[in-house]
Amino acid sequence: MNRRLATTATLLLALALPLPLAATASAAAAPSATSTKPSRTQLELPRPTGPLGVGREVLHLVDRSRVDQWAKSGPRELMVTMYYPARHGTGRPAPYMQVEEARRLLGARELQDTVDPAVVAATRTAARTDARPLGGTYPLVVLSPGFGVHRATLSSLAEDLTSRGYLVALVDHAYESVGTAFPGGRLPECLACDQAETVGYDKVTEGRAKDVSFLLDRLTGRHPAWRHAGMIDRRRIAMAGHSIGGASAASAMAADPRIRAGVDMDGSLFTPAATDDRPFLLLGAAETTPGHEPSWDRDWSRLGGWKRWITFTGSGHFTFTDYPALGDQLGLPDPDFPLSGARSVELTRRYVGAFLDLHLKGRPQPLLDGPRPDAPEVLFHTP
């Protein structure tokens, strides 16, 4: 099994369970965290760094042209959180996730008695529901989460990009999360977690590529599914993702020329990347260096446009998500990865944001030219 699909007993990885459930039997048998009184800590995402307010709206999209490959019946469904630049002070605070979604994520690692699911669900965000949108059009960034992981794990990045003048479509793919709520009170099981090891993880990335093309059709077509779709600059679209979501960014670019740029945050590439002359950023954990990630070694030469291979010293697989920051607030950092939660969020935002500013907004970004004294953790690699 690829190391990016391995688990640890820490809270960070427990919240972001990436393994197929059937493959976690030995880990589940290991001693779990000591049962304690559930924490009542008020968690909070790091504040966005841009000047704009952050609006948020949730869409449920149904692709009736496809039968879901995991359920084998019924159409493919997506839950999508749309983030948009908004007027400060309008709307109402947006929730992080539902309590039952948090319970499922914690329960998958038998941690629901250690960390109160209501505390995780109540994490304070900067986004506002029904906030008044700002005028104008903006580049669109599609974000896809890791395998088995709720889309909320990329909220810090989504909010920051929005505050800096982007639209963000943060996607949950049906039956690929241990706890995502759908309309009607449904929380589908992670059927892909049981099946992907057998059929191949390339089926996940290929399916997500189709999901993203469908999403773009529904956002930019003649009868868009989102009421603020007029804010989308259709000429400036990118995709980024964490883990298998990052691998899916490469697959989606190969399938859909509308995606102008892509970012893979520590995801093994299950199908060969083929981005022709479009830019692509490989952003990896400390161990994801040349010679240690075969799929990145294999595909580096296939990336025909602007490209960078960057890693963060002291980082782990989930550095690029919200959970290092939340884990630090709960007093449960991962001792194997000393990069702090605050620094993890800061660096992820800086380098993903710089890449998008360069390639979607045409703004020069010296940050991406090489090492800097103010970011000694950031290493550039040339295989």
Side-chain angles (χ1 to χ4, degrees), residues 59 61 63 78-84 138-147 149 151 153-155 157-158 160-162 164-173 176 202 204-220 226 229 232-284 295-296 299 302-308 310 320-321 348-349 351-361:
L59 304 177
L61 301 180
D63 185 354
L78 306 176
M79 295 302 298
V80 184
T81 303
M82 297 297 306
Y83 291 83
Y84 56 93
Y138 304 88
L140 171 66
V141 181
V142 178
L143 290 182
S144 182
F147 190 53
V149 179
R151 66 189 186 279
T153 58
L154 296 177
S155 295
L157 179 58
D160 193 65
L161 290 173
T162 304
R164 295 169 55 170
Y166 290 90
L167 301 169
V168 176
L170 182 49
V171 187
D172 251 328
H173 311 264
E176 294 179 18
D202 58 318
V204 181
T205 59
E206 291 168 1
R208 290 193 182 191
K210 294 176 182 177
D211 289 344
V212 172
S213 289
F214 166 70
L215 171 64
L216 295 181
D217 290 344
R218 297 295 288 121
L219 291 178
T220 65
W226 184 40
I232 299 172
D233 184 340
R234 303 179 187 183
R235 301 165 301 171
R236 297 187 291 170
I237 298 173
M239 182 175 173
H242 169 244
S243 193
I244 210 164
S248 298
S251 296
M253 286 183 71
D256 197 321
R258 290 175 293 184
I259 304 171
R260 287 185 47 186
V263 181
D264 178 358
M265 295 181 285
D266 210 48
S268 296
L269 298 167
F270 294 100
T271 56
T275 60
D276 48 59
D277 61 350
R278 288 170 289 171
F280 201 79
L281 172 62
L282 296 169
L283 189 60
S295 70
W296 288 18
D299 288 355
R302 297 174 182 265
L303 302 177
W306 185 103
K307 58 188 176 182
R308 294 290 187 274
I310 297 173
F320 312 96
T321 73
T348 300
R349 287 172 163 182
Y351 282 85
V352 173
F355 172 83
L356 295 170
D357 282 352
L358 175 62
H359 296 293
L360 293 188
K361 295 184 177 182

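Counting begins at 1 with the first residue of the sequence. Just so you know, these numbers use all the heavy atoms, side chains as well, and skip hydrogens, waters and symmetry mates.
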Is there a side-chain contact (heavy atoms from CB on, under 4.5 Å) between Phe355 and Ile310 once you walk through the steps? CA-CA 12 Å; Phe355 172 83; Ile310 297 173; over 6 Å; no
Criterion side-chain contact (heavy atoms from CB on, under 4.5 Å) on Lys210 and Asp63, from CA distance to verdict: CA-CA 10 Å; Lys210 294 176 182 177; Asp63 185 354; over 6 Å; no
What do the steps show when you test His242 against Thr153 for side-chain contact (heavy atoms from CB on, under 4.5 Å), and what is the final call? CA-CA 9 Å; His242 169 244; Thr153 58; 5.7 Å; no
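The shortest side-chain heavy-atom distance between Leu360 and Asp233 does not fall under the 4.5 Å cut-off. When side chains are defined from C-beta on, Leu140 counts as touching Leu216, because their heavy atoms get closer than 4.5 Å. Side-chain contact between Phe270 and Ile244: present, with at least one pair of heavy atoms (C-beta onward) separated by less than 4.5 Å. Residues Phe320 and Val263 form no side-chain contact, since every pair of their non-hydrogen atoms from C-beta on lies 4.5 Å or further apart. In this structure the side chain of Val212 reaches within 4.5 angstrom of the side chain of Met239, judged on heavy atoms.
For the residue pair Ala247 and Ser268, the shortest heavy atom distance occurs at CB-O, 3.0 Å. Taking every heavy atom of both residues into account, Gly284 and Asp266 meet most closely at CA-OD1, 3.5 Å. Contact between Asp299 and Pro272 at its shortest, heavy atoms only, is OD2-CA, 3.3 Å. The heavy-atom pair separating Gly165 from Tyr138 by the smallest distance is O-CD2, 3.4 Å. Shortest non-hydrogen contact noted between Ala229 and Leu219 is CB-O, 3.4 Å. Residue Arg164 comes nearest to Lys361 through the heavy atom pair O-NZ, 2.7 Å, listed as atom of the first residue, atom of the second, then distance.
Once rounded to the nearest 0.5 Å, the distance linking CG of Asp211 with CD of Glu206 reads 12.0 Å. Taking CE of Met82 as the reference point, atom CG of Leu215 lies at 7.0 Å (rounded to 0.5 Å). For the atom pair CE (Met265) and CG (Leu154), the distance works out to 5.5 Å, reported to the nearest 0.5 Å. Note that the CG atom of Leu283 and the CZ atom of Arg308 stand 13.0 Å from one another [nearest 0.5 Å].
Proximity of a side-chain donor or acceptor of Ser243 to a complementary backbone N or O of Gly146 within less than 3.5 Å is not detected. Side-chain atoms of Arg278 come within 3.5 Å of backbone atoms of Ile259 as a donor-acceptor pair (strictly under, hydrogens ignored). Without hydrogens or angle criteria, Arg234 side chain to Thr220 main chain gives a donor-acceptor distance under 3.5 Å. At least one donor-acceptor pair under 3.5 Å links the side chain of Asp172 to the backbone N or O of Arg151. Judged by distance alone, with hydrogens and angles left aside, the side-chain atoms of Trp296 form no donor-acceptor pair with the main-chain N or O of Leu269 at under 3.5 Å.
Residues passing the ring-ring contact (aromatic ring centres under 6.0 Å, His included) test with His173: none are found, sequence neighbours excluded. Legend: residues meeting side-chain hydrogen bond (donor to acceptor under 3.5 Å, both in side chains) with Asp256, ordered by chain and number and at least two apart, are Ser213, Arg258.
For the 3.5 Å distance criterion, the side chains of Asp357 and Tyr166 qualify, holding a donor opposite an acceptor.
Ring orientation note: the planes of His359 and Trp306 are nearly perpendicular, at an angle over 60° on the 30°/60° scale.
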